[in-house]
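In what follows, a structure is listed as C-alpha cells, so that the remarks can point back to it.
These numbers come from a predicted model, not from an experiment.
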Amino acid sequence: MTTPLISRVVHPDSLSSAWEKVQEASATDDDVSGSVARFRPVADERLAQLAQALAEQTYRPKPLAQVEIPKPTEGFRVLDVPPVIDRIVERSLLDVVAPYVDPVLGASAFGYRPGLGVVDAVQRLVLERENGQRCVLRTDVADCFPTLPRDLAVGRLTALLPDDSLTWVIALLTARRTNTRRGLREVPGLPQGTALSPLLCNLVLAPVDHALADHGFHAVRFADDIAVPCSGSDEASAALRIIKSSLKEIGMTVNQEKTEVTSFDQGFCFLGEDFGPTYPPLVAELRVEEPLARVLYVGLQGGRVRVQAGRIVVTTKDDVEALNVPSSHVSRLVLFGSVGLTAGARSWLLGQAVDIVFLSCRGSYLGVANAASSALRAQRLKAQIATAEDPERAMRFGRSVVQAKIRHQITLVQRFSRPDIAEDLAPDLELMRAMVKLAPGALSRDEVMGVEGAAAKAYFRALAKLLPPEVGFSGRTRQPPLDIVNAALGYTYAILLGECVSAIVASGLEPAIGLIHADSERRPSLALDLMEEFRPYVADQVVVSLVRRKSLTAEHGREKSGESGVWLTKAGKNLVVDAYERRMLQVTGGAMAGFTGTLRRHVYRQAQKLARYVQDPETDWIGLSWR
C-alpha cells in the first residue's frame with residue numbers, strides 16, 4: 001500500500017522545502033516579503049504546528065489579501081495573496097500533486113509547468129513559422145481566473161490522485177474569501193495569486209489544447225494567452241470556432257477585444273516578444289547540452305578498437321587509423337557487428353566504468369558488458385524478485401508505464417498532425433485514448449500488454465498516415481523490417497535498449513527479471529519495461545522527424561541478396577545515430593518531478609526510481625511527462 005498523499009504533504013522535508021520556495025518567491029516581491037520576514041524567526045515552531053494541524057485535519061486557511069502588482073506597460077494587476085502559512089501549505093501540496101497532473105496536460109501548454117517557460121513557448125511558435133505557417137490566431141480567455149469553474153477544476157484534480165486524503169484541504173484552499181476595501185468577499189472562480197490556481201487553470205483548459213491538437217493545430221498556450229499558427233484565414237477561423245466551442249462547454253468565453261488574426265509578415269507581440277518574418281530566430285540547439293564525454297559508436301566491419309597512450313584508437317580492417325580521441329572523452333562504447341575489441345581496451349573500459357554495448361550489424365541488441373556491480377545489488381535483486389512475484393505491485397507499475405507510453409504516442413501523433421488530415425487520424429486517437437482509460441483496470445500482465453498492443457496498432461496506423469507514401473510504411477514490421485521506417489525504428493530501439501540495460505545494471509537491478517515483460521525468453525525484460533515510455537519520447541520522435549523532413553528516405557535502405565527485408569545503409573545508420581544523439585543530449589526539466597538534465601540522464605534517473613520502487617512498497621510509479 002502506498003503512503004497516503006497527505007503524509008507526503010505534512011512530512012517535515014516537504015514543508016521545509018515549501019517554506020524555502022515561499023522565501024525565494026518573496027525575495028523579488030516587496031509587497032509580500034514583509035510577512036515572510038516576520039515569519040522567519042518562528043518558522044520551525046510554526047511548521048511543526050502546521051504539520052500537526054494538517055495531520056489532524058484541524059487546519060483552516062485564512063482570508064486572502066488583495067495586492068496590486070504593477071504591469072510591465074501600464075496599470076496594475078490585482079492578486080489575491082494568501083498569508084505565509086497558507087502559501088507554505090499550497091506549495092507543499094503543489095509539489096505532491098503536480099506530477100500526477102502534468103502528464104495529462106497537452107503539448108500546447110507552456111505556462112506554469114516545471115521545465116517550461118516563455119523561451120520554450122516563443123521557440124515553439126518560431127518553429128511553426130519556419131515550417132511554413134504564415135498566419136496566427138491570437139486570443140485569450142475572458143476573465144479567466146474569475147470564471148474558472150471551481151468544482152470542475154477540483155473534480156478533475158482529485159480524480160487524478162491515487163487516494164482521497166487531500167480532498168478536504170484542496171476544497172478549503174480553492175473556495176476562498178479575500179480582504180477588500182469593502183470588507184471580506186467570496187473570490188469568484190479561483191484566486192489569482194495562489195500557488196494552486198495556475199495548475200488548476202491548466203487542468204481546466206487542457207481540453208481546449210487537446211481539441212486544437214486533435215484538429216491538427218499546433219497551438220501555443222501560456223495560461224489563458226493563446227496563439228495558433230495557421231496556413232491562412234480559413235484555418236484561423238476554424239481554430240477560433242474550436243476554442244469557442246471548447247470554452248463554451250465549461251462555461252467560459254474568449255476575449256473578443258484581444259482576438260485577432262495576424263501574420264508573421266505583419267508582425268505581432270506574444271508573451272512580450274515581437275514576432276516578424278525572420279525574428280526571433282530559431283535556436284536549433286535550444287537546451288542541448290554538449291558534454292565532454294560522448295558515446296562512441298563504431299560500426300567499421302572488420303575494424304578494431306584499442307587503447308593506446310590514454311587515447312581510444314579505432315582502425316579499419318586494413319589497420320588504417322579512422323579515429324583517435326582522448327579516452328576521457330568516451331562515456332560509453334557501442335559496437336555494431338564484427339568490430340574487434342582488444343583485451344587491453346576491454347579491461348581499461350570496464351575499469352573506468354565505461355559500459356560496452358554489443359549490437360548486430362543490423363542493429364539487433366546482443367548484450368552489454370558492465371563494470372562490477374555495487375555491494376547493494378544482492379539486496380536489490382531480492383527486492384526485485386519479490387516485486388516481480390507480487391502481482392499487484394508489478395501491475396501497478398505496468399499500468400502506469402503503459403499509460404505514459406500511450407500518452408506519449410498520442411502527443412507524437414498530434415505534433416505531426418495537420419488540419420487537412422486530422423479527420424483521418426481521429427479514430428486512431430480515439431482508440432488510443434480509450435486504451436489509456438482501460439489501462440488502470442488491467443489485472444494481469446496479459447491484460448496490460450493487451451492494452452498496450454491495441455494502442456500500438458492504432459498508433460502505427462496513425463503514423464502511416466503522417467509519413468510520406470514513398471517510404472512505404474503501412475505499420476510496424478520486424479524480423480525482418482519491410483521498409484526504411486521500420487528498419488530505422490528497429491535500429492534506434494536497439495541502441496536505446498542498450499542504454500536501458502546499462503541504466504538498469506547501474507541501479508543495481510537485474511535486466512532479465514521483468515515486471516511486465518515476461519522473463520521466459522532470452523531478453524533483458526526489465527530493460528524493456530523501462531524502455532517502453534522512452535520509445536515514442538526518444539526513438540519514434542527521432543525517426544519520424546527524419547522521415548518527415550525527408551532527411552531519411554527510401555534511398556537509405558538496402559536489400560541483402562538472398563534475404564527478405566530492408567536494412568539501413570551506412571549513410572542511413574550515421575543519420576539515425578546522429579539524430580538519436582542530439583535527442584539524448586537535449587536538456588529538459590519537468591518531465592520528471594524535481595529533476596533537470598539530458599534525456600540520457602533521464603533514462604538513468606528513471607532506472608534509479610525503478611530501484612526505489614522495487615525496494616519500497618510505499619513508493620508510487622509516475623511516468624514521464626512529455627517535454
Side-chain angles (χ1 to χ4, degrees), residues 9 18 21-22 24-26 28-29 31-32 35 59-69 71 76-102 104-106 109-114 116-118 140-161 166-180 184-209 221-226 247 250-253 255 271 590:
V9 172
K21 291 176 181 177
V22 168
E24 291 171 8
S26 70
T28 57
D29 195 342
D31 292 307
V32 294
S35 58
Y59 162 78
R60 296 294 181 271
K62 290 184 168 45
L64 308 170
Q66 283 197 341
V67 176
E68 292 184 341
I69 305 295
K71 291 183 178 180
F76 293 88
R77 184 163 56 103
V78 178
L79 301 180
D80 294 301
V81 180
V84 174
I85 199 75
D86 295 340
R87 273 182 259 163
I88 294 171
V89 176
E90 290 177 354
R91 288 283 180 178
S92 184
L93 184 66
L94 182 64
D95 288 342
V96 170
V97 304
Y100 295 96
V101 174
D102 201 87
V104 306
L105 300 180
F110 288 86
Y112 309 113
R113 296 182 71 184
L116 294 175
V118 171
D140 66 16
V141 181
D143 297 322
C144 181
F145 284 91
T147 63
L148 277 168
R150 182 190 308 152
D151 291 343
L152 176 64
V154 171
R156 286 184 179 172
L157 173 58
T158 54
L160 294 173
L161 304 180
L166 295 179
T167 302
W168 68 276
V169 69
I170 292 172
L172 289 174
L173 290 172
T174 49
R176 306 296 293 273
R177 294 187 301 167
T178 188
N179 275 307
T180 70
L184 282 176
R185 68 172 181 85
E186 296 289 332
V187 177
L190 292 171
Q192 188 173 4
T194 67
L196 273 179
S197 291
L199 175 136
L200 293 169
C201 173
N202 274 335
L203 197 50
V204 169
L205 295 181
V208 179
D209 301 336
R221 181 177 64 80
F222 201 99
D224 63 326
D225 207 352
I226 304 171
L247 288 175
I250 54 178
M252 303 178 78
T253 61
N255 187 333
L271 301 179

Which is it for Leu94 and Lys21 under the side-chain contact (heavy atoms from CB on, under 4.5 Å) test, yes or no, and what are the steps along the way? CA-CA 11 Å; Leu94 182 64; Lys21 291 176 181 177; over 6 Å; no
Under 4.5 Å between any side-chain heavy atoms of Thr194 and Asp80, yes or no? no
Does the side chain of Leu148 come within less than 4.5 Å of Cys201's, by heavy atoms? yes
In terms of heavy-atom contacts, does CZ of Arg177 have more than 12 from other residues, nucleotides or ligands at under 6.0 Å? no
For Arg150 and Thr174, indicate whether the former's side chain and the latter's backbone hold a donor-acceptor pair under 3.5 Å. yes
Quick check: does any side chain N or O of Arg113 sit under 3.5 Å from a backbone N or O of Asp102, one acting as donor and the other as acceptor? yes
Are Ser197 and Arg176 packed together at the side-chain level, in the sense that at least one heavy-atom pair is separated by less than 4.5 angstrom? no
What is the distance from atom CZ of Phe110 to atom CG of Leu271, rounded to the nearest 0.5 Å? 10.0 Å
Where is the tightest heavy-atom contact between Val84 and Ser35, given as atom of each residue plus distance? CG2-OG, 3.4 Å
For residues Phe145 and Leu79, determine if any side-chain heavy atom of one lies less than 4.5 Å from a side-chain heavy atom of the other. no
Quick one: closest heavy-atom pair of Ala18 and Arg91, and the distance? CB-CB, 3.6 Å
Nearest-0.5 Å distance, CG of residue Asn255 to CG of residue Asp225: 10.0 Å
Indicate yes or no: at least one non-hydrogen side-chain atom of Leu200 is less than 4.5 angstrom from one of Leu157. yes
Closest non-hydrogen contact found for Asp209 with Ala109 is OD2-CB, 3.8 Å
Hey, is the main chain of Val89 close enough, under 3.5 Å, to the side chain of Arg87 for a donor-acceptor pair? no
To the nearest 0.5 Å, atom CD1 of Ile88 lies from atom CG of Leu93 at 13.5 Å
Could you tell me whether the side chain of Leu205 reaches within less than 4.5 Å of the side chain of Leu247, counting heavy atoms only? yes
Residue pair Asp95 / Pro99: nearest heavy atoms and the distance that separates them: O-CD, 3.3 Å
Determine whether Gln66 and Asn179 make a side-chain contact, defined as any pair of heavy atoms from C-beta on separated by less than 4.5 Å. no
Quick one: pull up CD in Gln192 and CG in Leu64 and give me the separation to the nearest 0.5 Å. 12.5 Å
Please step through side-chain contact (heavy atoms from CB on, under 4.5 Å) for the pair Arg221 and Val208, ending with a clear verdict. CA-CA 10 Å; Arg221 181 177 64 80; Val208 179; 5.7 Å; no
Residues Phe222, Leu116; criterion side-chain contact (heavy atoms from CB on, under 4.5 Å); working and verdict: CA-CA 10 Å; Phe222 201 99; Leu116 294 175; over 6 Å; no
Heavy-atom nearest pair, Ile250 first then Pro149, reads O-CG, 3.6 Å
For the student: nearest non-hydrogen atoms of Pro83 and Pro63, plus distance: CD-O, 3.6 Å
For the residue pair Leu161 and Ile170, establish whether any side-chain heavy-atom pair is separated by less than 4.5 Å. yes
